[in-house]
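Notes follow once the structure below has been shown.
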Amino acid sequence: MSLFHFPPWTNKIKYLLGAGGAGGIFYAFLIVNFGFSPKTTDIGYQPEQPVPFSHALHSGQLAIDCRYCHTTVENAKHSAVPATETCMNCHSKLHTQSEKLAPVRASWESGEPVEWIRIHDLPDYVYFNHAAHVQKGIGCVSCHGRIDHMEVVFQHETLSMGWCLECHREPEKHLRPVEFITAMDWKPSDPTIGLKLKEMNNINPSQDCSTCHR
């Protein structure tokens with residue numbers, strides 16, 4: 001005969017412990033999933049570059065078109081980083097003694113490229129074609145934000161799978177006439193222009209896994 005007698009309600013403890021354990025596992029999963037997601041880890045990524053290049057000055061105040069430096073945005077899978085020669089087209093005559101431009105001059109003299117740090121860097125298992133998006137009317141600002149306001153460029157969007165799928169499901173929210181792809185301040189005069197461009201150009205982005213994971 002047992003010396004200890006527990007009230008009937010204690011029989012529920014095992015169920016409460018089980019529910020608490022399951023809830024704890026689910027909570028841990030949410031914390032880890034959110035903590036390591038691109039929404040948490042990548043937005044705002046802003047590495048220090050070897051040359052303090054100001055997009056706010058060049059793209060904003062001077063209104064230099066994105067394509068002057070990033071020459072392949074319209075016809076290649078990747079957007080090219082400008083060669084030192086592109087910088088020296090101007091800076092062989094302007095600010096020739098600037099201390100900030102010393103790495104550019106050293107690159108020009110040695111032939112070694114400036115070691116720019118990539119900011120928008122998709123995983124190796126993701127296929128992305130820059131030209132395919134630009135040629136259909138996705139403007140620079142949709143993915144990169146207001147570059148013309150950035151003294152130092154940072155990652156503006158998550159570049160996550162969910163973020164890409166949002167655009168593939170409703171591309172009309174981001175479509176614009178191709179002549180305005182680099183116009184950072186462009187606003188549609190017609191609120192239906194995105195839908196019109198989608199229909200006119202037969203833009204129906206695939207949502208199949210193999211589109212990006214090849």
Pair Phe154-His156, side-chain contact (heavy atoms from CB on, under 4.5 Å): steps then yes or no: CA-CA 6 Å; Phe154 60 89; His156 188 266; 4.0 Å; yes

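- Interatomic distance, CZ of Arg214 versus SG of Cys209, reported as 13.0 Å (0.5 Å rounding).
- With contacts defined as side-chain heavy-atom distances shorter than 4.5 Å, the pair Val104/His91 does not qualify.
- The distance from the CG atom of Asn89 to the CG atom of Leu94 is 11.0 Å, given to the nearest 0.5 Å.
- When hydrophobic clusters are built by joining Ile, Leu, Val, Met, Phe, Trp and Tyr residues whose side-chain heavy atoms come closer than 4.5 Å, directly or via intermediates, Val134 is not grouped with Met200.
- Checked by atom type and distance alone, the side chain of Glu172 never pairs as donor or acceptor with a backbone atom of Lys196 at under 3.5 Å.
- Among all heavy-atom pairs drawn from His174 and Cys167, the shortest one is CD2-SG, 3.6 Å.
- In this structure, Ser160 contributes its side chain and Trp163 its backbone to a donor-acceptor pair below 3.5 Å.
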Trace of the side-chain contact (heavy atoms from CB on, under 4.5 Å) decision for Leu62 with Leu57: CA-CA 6 Å; Leu62 300 177; Leu57 170 63; 4.2 Å; yes

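- Of all the heavy atoms in Tyr125 and His213, the pair that sits closest is O-ND1, 3.3 Å.
- A donor-acceptor pair is defined here as one N or O able to donate and one able to accept, closer than 3.5 Å; no such pair exists between the side chain of Arg67 and the backbone of Val73.
- Taking the six-membered ring where the residue is Trp, His130 and Phe128 present perpendicular rings, their angle passing 60° and hence far from 30°.
- Using a 4.5 Å heavy-atom threshold, the side chains of Thr84 and Arg105 count as separate.
- Atom CG in Leu101 sits 11.5 Å away from atom OG in Ser107 (nearest 0.5 Å).
- Ring geometry, Trp116 versus Phe53: the interplanar angle exceeds 60°, so the pair is classed perpendicular (tilted spans 30 to 60°).
- Heavy-atom minimum distance, Ala80 versus Thr71: CB-OG1, 4.3 Å.
- No donor-acceptor pair closer than 3.5 Å links the side chain of Glu74 to the backbone N or O of Gln135.
- Minimum interatomic distance between Val114 and Pro103 (heavy atoms only, all atoms of both residues): CG2-O, 4.1 Å.
- Inter-residue side-chain proximity for Trp186 and Pro177 is flagged as met; some heavy-atom pair is nearer than 4.5 Å.
- Residues Arg176 and Ile193 are not in side-chain contact: their nearest non-hydrogen atoms beyond the backbone lie 4.5 Å or more apart.
- Residues Cys140 and Met184 have side chains in contact (heavy-atom distance under 4.5 Å, counting atoms from C-beta outward).
- Using modelled atom types, one finds a donor on one side chain and an acceptor on the other under 3.5 Å when comparing Ser210 with Asp208.
- Placement of Ile147 and Val81 in two distinct hydrophobic clusters is found when ILVMFWY residues are connected by side-chain heavy-atom separations under 4.5 Å, directly or transitively.
- In terms of modelled atom types and a separation under 3.5 Å, the side chain of Glu115 and the main chain of Pro50 share no donor-acceptor contact.
- Atom CD of Glu85 sits in a sparse spot, with 12 or fewer heavy atoms from other residues, nucleotides or ligands closer than 6.0 Å.
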side-chain contact (heavy atoms from CB on, under 4.5 Å) assessment of Arg146 paired with Asp185: CA-CA 8 Å; Arg146 289 299 299 265; Asp185 57 354; 4.0 Å; yes

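- When each of His133, His55, His70, His120 is checked for a ring pair (Phe, Tyr, Trp, His ring centres under 6.0 Å) with His144, only His120 meets the rule.
- Across every non-hydrogen atom of Leu175 and Gly194, the tightest pair is CD1-O, 3.6 Å.
- Between the side chains of Tyr45 and Asp121, no donor N or O sits under 3.5 Å from an acceptor N or O.
- Taking CZ from Arg118 and CD from Gln49, the interatomic distance works out to 11.0 Å, rounded to the nearest 0.5 Å.
- Each of Val178 and Ile138 belongs to its own hydrophobic cluster when Ile, Leu, Val, Met, Phe, Trp and Tyr are linked at side-chain heavy-atom distances under 4.5 angstrom.
- Remark: the backbone N or O of His78 is paired with a side-chain donor or acceptor of Thr72 at under 3.5 angstrom.
- With values rounded to the nearest 0.5 angstrom, Asn202 atom CG is found 12.5 Å from Leu197 atom CG.
- Shown here for Val51 and Lys100, the closest heavy-atom pair between the two residues is CG1-O, 3.8 Å.
- Atoms CG and NE2, on Asp65 and His58 in that order, are 14.0 Å from each other to the nearest 0.5 Å.
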Derivation of the side-chain contact (heavy atoms from CB on, under 4.5 Å) call for Lys198 and Asn204: CA-CA 7 Å; Lys198 178 183 176 181; Asn204 293 292; 3.9 Å; yes

